[in-house]
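Worksheet: one structure, shown below.
Sequence lines set the chain letters: A, B, ... in the order given, protein chains first and strands last, and positions in each chain run from 1.
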2 protein chains.
Amino acid sequence: MSQPGLRERKKQRTRLALVDAALGLFAAQGYEATTVDQIAAAADVSPRTFFRYFATKEDVALSLPVDGHEVMLRELAARPAGEAPFTALGHAMRAVVAELREGEPTDVARFLRARELIEVTPALFAGNVRRMMENERRLIAEVARREGVSPDDHLPHFVVALFTTVARVGLEHCTARSADDLGALTERLEQMLALAERSLRPGWDRPSRQAPSRGPAGQFIEGSSGQVAT
Amino acid sequence: MSQPGLRERKKQRTRLALVDAALGLFAAQGYEATTVDQIAAAADVSPRTFFRYFATKEDVALSLPVDGHEVMLRELAARPAGEAPFTALGHAMRAVVAELREGEPTDVARFLRARELIEVTPALFAGNVRRMMENERRLIAEVARREGVSPDDHLPHFVVALFTTVARVGLEHCTARSADDLGALTERLEQMLALAERSLRPGWDRPSRQAPSRGPAGQFIEGSSGQVAT
DNA sequence: TGTCATGTGTCAGTCCCTGCCATAAATTAC
DNA sequence: GTAATTTATGGCAGGGACTGACACATGACA
């Protein structure tokens with residue numbers, strides 16, 4: 001049951017204590033109004049120790065979403081090889097939400113509190129976007145690998161950037177209405193995903209073997225062959 | 001010739017001096033390795049004065065792109081009313097580049113130096129994205145106004161977010177290859193814009209008068225009427 | 001039990017950024 | 001042209017984020 005030693009469990013506990021203390025203080029008095037000294041005091045550790053767990057004050061608030069990014073990447077790698085990139089990204093994201101939902105309800109609550117806070121605090125919002133974009137590079141690499149194209153190719157960049165944008169807008173909208181449960185969150189996400197799917201041409205996210213050199217004519221050719229029976 | 005008084009001109013000069021000093025030092029020794037004291041000394045002002053011109057160290061590096069955002073919004077508002085949102089955004093961006101190109105060559109050089117720096121420095125990159133997303137809200141409001149829909153509507157959010165994503169990816173790609181002149185920059189931008197246009201269904205960025213309630217069937221109906229002759 | 005590795009606390013210090021007050025300069029009024 | 005008013009600047013003190021160095025304490029392991 002307890003593979004890790006006492007030492008490791010203790011570390012996990014103080015880490016969680018710091019996150020909870022921080023989230024509580026941030027919610028109570030705002031992000032920039034609370035000092036790391038306060039967080040450390042609330043978690044019963046020295047301020048110096050705080051920085052041994054989190055590099056910056058931002059990190060303690062963003063650690064949960066960042067964990068989500070890791071899961072996202074892992075799930076993407078687990079998608080079947082034949083799946084179209086955008087579809088695979090969508091399913092990977094659904095898997096992330098599903099994994100969270102299957103965890104402890106206290107974890108879900110913590111996650112939603114963090115999301116709410118990030119959405120409300122500009123500094124945290126920016127920090128989150130930054131990490132999302134660092135993750136973007138890894139997602140691009142994975143998509144490029146799946147599609148067998150160069151990581152420098154435009155298409156994976158475009159596909160991944162578009163996907164993260166859709167996800168971001170979905171999350172934003174979600175908090176605007178209600179962030180009390182994961183249900184509303186997933187619903188919004190599905191809505192945005194559907195909107196994207198509706199707006200894009202079939203086969204847009206795969207390299208067209210017969211690249212149309214240019215011109216408005218010839219567009220109807222794309223996606224007409226090979227994609228039907230995946 | 002000189003409408004503003006001596007006072008105002010002096011302010012503009014020290015502001016520019018600060019930007020140039022900062023850009024020079026950042027390029028020479030890196031962003032986080034240079035202190036605002038150094039920048040202030042290089043511009044012959046006190047550190048305290050620096051913060052009277054720029055709220056943060058970030059701001060001095062991001063001031064030029066932020067000015068661009070202002071121009072972008074202005075140009076968007078000047079686009080003809082009938083134009084489709086995504087098209088209007090594209091033309092507005094072209095106008096921004098054009099305005100820059102018509103200015104002094106020294107301004108262009110400064111701008112490109114700032115862009116290069118932002119691309120290379122994660123902290124600045126994140127800060128820039130943050131401002132872009134603050135600007136997004138204003139762009140959304142303008143697009144919503146143009147289309148006569150609520151600012152809370154999904155579509156303007158989606159359209160603007162997608163556009164800024166395309167622009168961002170275009171700029172990223174640009175610096176990856178060459179950022180020495182505006183030509184390469186605009187070319188990349190056009191490339192990405194074209195890719196987006198190719199990937200999206202005609203009429204995707206306008207509210208469909210006959211909203212399909214739901215269901216996978218019925219998708220083929222969209223865009224089949226009215227949009228051909230824009 | 002004793003040795004080793006590792007997490008923690010204390011301290012000093014740097015840098016970013018801010019409020020406050022005095023001074024110097026430019027603008028305006030007379 | 002001088003006086004009064006506005007406004008930019010500099011200096012100073014201080015708070016908060018973060019870091020390196022050292023000493024101490026606590027789990028891990030033989």
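Legend: residues meeting side-chain contact (heavy atoms from CB on, under 4.5 Å) with B:Asp107, ordered by chain and number and at least two apart, are B:Glu104, B:Arg110. Applying the ring-ring contact (aromatic ring centres under 6.0 Å, His included) test to B:Phe51 and every residue at least two apart in sequence or in another chain returns nothing. Scored by the side-chain contact (heavy atoms from CB on, under 4.5 Å) test, A:Val108 finds A:Leu100, A:Leu112, A:Leu182 as partners (sequence neighbours excluded).
Counting to the nearest Å, the P atom of D:dA8 and the CD atom of B:Gln12 are 12 Å from each other. The distance from atom CZ of B:Arg15 to atom P of D:dA8 is 13 Å, rounded to the nearest whole Å. When rounded to the nearest whole Å, the span between CG of B:Leu18 and P of C:dC17 equals 14 Å. Counting to the nearest Å, the P atom of D:dG16 and the CD atom of A:Glu58 are 19 Å from each other. In this structure, the CZ atom of B:Phe51 is 18 Å from the P atom of D:dG15, given to the nearest Å.
B:Phe50 comes within 4.0 angstrom of no nucleic acid atom, judged by non-hydrogen atoms across all strands. Backbone-only contact: B:Tyr53 has heavy atoms under 4.0 Å from sugar-phosphate atoms and none from a base.
The phosphate of D:dC18 (OP1 or OP2) has no side-chain N or O of A:Lys57 nearer than 4.0 angstrom.
Taken to the nearest 0.5 Å, the CZ atom of A:Phe163 stands 11.5 Å off from the CG atom of A:Asp205. Between atom CZ of residue B:Arg113 and atom CG of residue B:Leu23 there is a gap of 5.0 Å, rounded to the nearest 0.5 Å.
The stretch residues 28-47 of chain A touches DNA chain D through A:Thr34, A:Thr35, A:Val36, each having a heavy atom under 4.0 angstrom from the strand.
Using a 4.5 Å heavy-atom cutoff, the side chains of A:Val60 and A:Phe50 are in contact. Side-chain contact between A:Leu155 and A:Val149 is absent, with no heavy atoms from C-beta onward closer than 4.5 Å.
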Where along nucleotides 20-30 of chain D does protein come under 4.0 Å, by heavy atom, of base (B) or sugar-phosphate alone (S), with - for untouched nucleotides? BB----BBS--

Return all side-chain donor-acceptor pairs below 3.5 angstrom for residues 125-135 of chain A, not counting sequence neighbours, or 'none' if the list is empty.
unit_1, atom_1, unit_2, atom_2, d
A:Arg130, NE, A:Glu134, OE2, 3.3
A:Arg131, NE, A:Gly127, O, 3.1
A:Arg131, NH1, A:Asp59, OD1, 2.6
A:Arg131, NH2, A:Glu58, OE1, 2.8
A:Arg131, NH2, A:Asp59, OD1, 3.3
A:Asn135, OD1, A:Arg138, NE, 3.2
A:Asn135, OD1, A:Arg138, NH2, 3.0

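Between A:Glu190 and A:Arg94, at least one side-chain nitrogen of the basic residue sits less than 4.0 Å from a carboxylate oxygen of the acidic one, meeting the salt-bridge criterion.
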